[in-house]
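Input: a single structure, listed below in structure tokens.
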Amino acid sequence: MPEIKTIGIVTSGNDAPGMNSAIRAVTRAAIYNGLRVKAIYRGYKGLIDGDIVEFKTQNVSNIVQQGGTILKSSASRDFLSAEGRQKAFENIQKEEIDALVVIGGDGTIHGARIFAQEYDTPCIAIPATIDNNLCGTDTTIGYDTALNTIMQCVDKIRDTATSHERLFFVEVMGDDAGFLALNGAIAAGCEEAIVPSVGIDDSQLNTFIQNGFRKTKNSSIVLVAANDKVGGAMHYAEVVKNQYPDLDVRISILGHLQRGGRPSAHDRIIASRMGAASIQALLKGLRNVMVGIDNDAIVYVPFSRAIKENRVLDHRLFDILHDISI
Ligand code: F6P
């Protein structure tokens with residue numbers, strides 16, 4: 001196995017709070033272990049364009065607390081093509097990069113997996129996405145911060161919803177997985193959560209309004225996971241407005257504010273642990289695995305497993321949500 005002397009580090013796909021904490025940890029752990037670090041800017045696009053600079057420890061000073069990613073990010077179309085990946089490999093050779101640490105979500109890991117197979121370049125992934133939708137890890141970097149952001153926003157919406165006795169449909173991100181909607185609803189004391197994998201039909205909405213909202217409450221908040229197919233919060237608000245014209249219904253779409261902000265302590269800690277573990281993985285000779293956390297211990301998950309399918313929600317959480325929101 002060729003010796004690893006220089007690593008490349010890249011953030012790719014959608015940003016997530018805590019990516020900077022991970023960049024810092026990877027850089028510092030690599031340098032501590034005698035490796036050189038090359039930072040690749042703007043995701044896989046930067047690998048293709050040769051947008052690469054060497055990082056020393058001071059390049060990652062004062063970033064542990066910053067949201068976003070100092071390396072910038074993008075979803076590179078060119079990396080999907082064989083020509084794009086060929087160019088990326090040429091730059092890796094030119095920069096004498098022996099292994100890659102990629103930080104991002106399922107698309108990022110998918111790209112790393114193909115690249116590692118084609119060019120026999122050792123890759124380690126660090127899961128960073130607010131969606132929390134990767135298998136083999138209890139959580140992903142950014143999820144906890146986004147969940148807290150949602151909770152704080154809904155707390156504020158609750159103030160006005162209560163004052164005006166309104167029914168709010170609040171749309172949150174989270175892709176098809178639904179973790180942000182369901183756990184956000186529990187954290188913020190919402191009355192219902194609607195996620196793509198479970199959905200809700202008109203009769204269930206009806207039951208919710210008759211049993212809960214109409215009988216015991218004057219205001220209510222429903223968290224809806226964004227859903228391109230069904231239409232998200234707008235869709236459900238329309239259905240209810242048509243059926244109950246006398247109800248005061250409002251919509252709030254939280255949007256990209258969920259991806260911003262300073263990472264929570266939890267996200268900084270897991271990012272730091274995973275970052276250091278990515279270097280340990282390379283030094284131990286591991287290849288093409290995602291660093292994960294399972295039961296508070298670091299684990300290494302093969303790429304194929306990490307992105308096999310969307311992580312499944314624990315549906316018992318719906319029962320808890322319903323039981324305690326009566
Ligand atoms: O991956 C995080 C995520 O927030 C998804 O939940 C959402 O669907 C997507 O990013 C939106 O990304 P953008 O609008 O930035 O392309």
Side-chain angles (χ1 to χ4, degrees), residues 10-22 42-45 67-69 71-80 102-112 125-137 139-154 169-185 187-188 193-199 223-236 251-264 266-267 270-271 274 290 292 303 306-313:
V10 63
T11 51
S12 166
N14 294 329
D15 61 347
M19 277 184 161
N20 282 327
S21 316
R42 299 179 177 79
Y44 291 140
K45 184 177 180 308
T69 161
L71 296 182
K72 319 279 184 207
S73 197
S74 68
S76 170
R77 278 177 179 276
D78 292 342
F79 201 70
L80 298 175
V102 304
I103 304 172
D106 51 354
T108 301
I109 298 177
H110 183 70
I126 297 180
T129 162
I130 65 165
D131 296 339
N132 195 32
N133 58 349
L134 293 166
C135 293
T137 185
T139 187
T140 56
I141 297 166
Y143 171 63
D144 181 67
T145 306
L147 202 52
N148 277 285
T149 300
I150 290 169
M151 183 185 72
Q152 285 155 15
C153 290
V154 175
F169 286 90
V170 179
E171 186 171 299
V172 298
M173 285 183 170
D175 209 19
D176 285 348
F179 282 87
L180 287 174
L182 181 53
N183 282 322
I194 304 177
V195 307
S197 61
V198 178
L223 281 203
V224 185
N227 184 334
D228 288 344
K229 284 176 220 120
V230 177
M234 297 263 205
H235 166 77
Y236 293 104
I251 299 160
S252 182
I253 297 175
L254 299 190
H256 288 78
L257 66 80
Q258 296 164 90
R259 288 231 298 260
R262 289 171 174 254
S264 65
H266 182 265
D267 277 333
I270 63 165
M274 289 177 174
M290 178 190 81
F303 284 166
I307 55 173
K308 197 170 167 207
E309 58 216 11
N310 254 347
R311 227 182 115 205
V312 181
L313 276 177

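Because the structure is a prediction, the values reported are computed rather than measured. When a ligand or atom number is given, it counts from 1 through the structure's own listing order.
- With contacts defined as side-chain heavy-atom distances shorter than 4.5 Å, the pair Ser252/Val154 does not qualify.
- Nearest non-hydrogen protein atom to atom 12 (O) of ligand 1 is Arg259 NH1, 3.1 Å.
- The structure places NZ of Lys308 at 15.5 Å from CG of Asp106, a figure rounded to the nearest 0.5 Å.
- Among protein heavy atoms, atom 13 (P) of ligand 1 sits closest to His256 NE2, 3.5 Å.
- Contact annotation: for Gln258 versus ligand 1, there are no heavy atoms closer than 4.0 Å.
- Across every non-hydrogen atom of Asp267 and Asp144, the tightest pair is OD2-N, 3.4 Å.
- Without hydrogens or angle criteria, Ser73 side chain to Asn14 main chain gives no donor-acceptor distance under 3.5 Å.
- Near Gly174, the atoms of ligand 1 lying under 4.0 angstrom from a non-hydrogen atom of the residue are 6 (O).
- Formation of a donor-acceptor pair under 3.5 Å by the Tyr44 side chain with backbone atoms of Leu80 is not found in this model.
- Atom 4 (O) of ligand 1 has Met173 SD, 2.8 Å as its closest protein atom, hydrogens excluded (heavy atom only).
- By the definition of a contact as any protein heavy atom under 4.0 Å away, atom 8 (O) of ligand 1 is not in contact.
- Residue Ile130 has no nitrogen or oxygen atom sitting less than 3.5 Å from a nitrogen or oxygen atom of ligand 1, judged on distance alone.
- Counting only distance, with no hydrogens or angles, the side chain of Ser12 and the backbone of Gly104 share no donor-acceptor pair below 3.5 Å.
- Near Asp175, the atoms of ligand 1 lying under 4.0 angstrom from a non-hydrogen atom of the residue are 6 (O).
- Counting only heavy atoms of the protein, atom 16 (O) of ligand 1 lies nearest to Asn14 OD1, 4.2 Å.
- Nearest non-hydrogen protein atom to atom 6 (O) of ligand 1 is Asp131 OD1, 2.8 Å.
- In this structure, OG1 on Thr69 lies 5.5 Å from CG on Asn20, to the nearest 0.5 angstrom.
- With hydrogens and angles ignored, the 3.5 Å screen pairs no side-chain donor or acceptor of Asn133 with any backbone N or O of Ala177.
- Within the 4.0 Å heavy-atom cutoff, Gly105 does not count among the residues contacting ligand 1.
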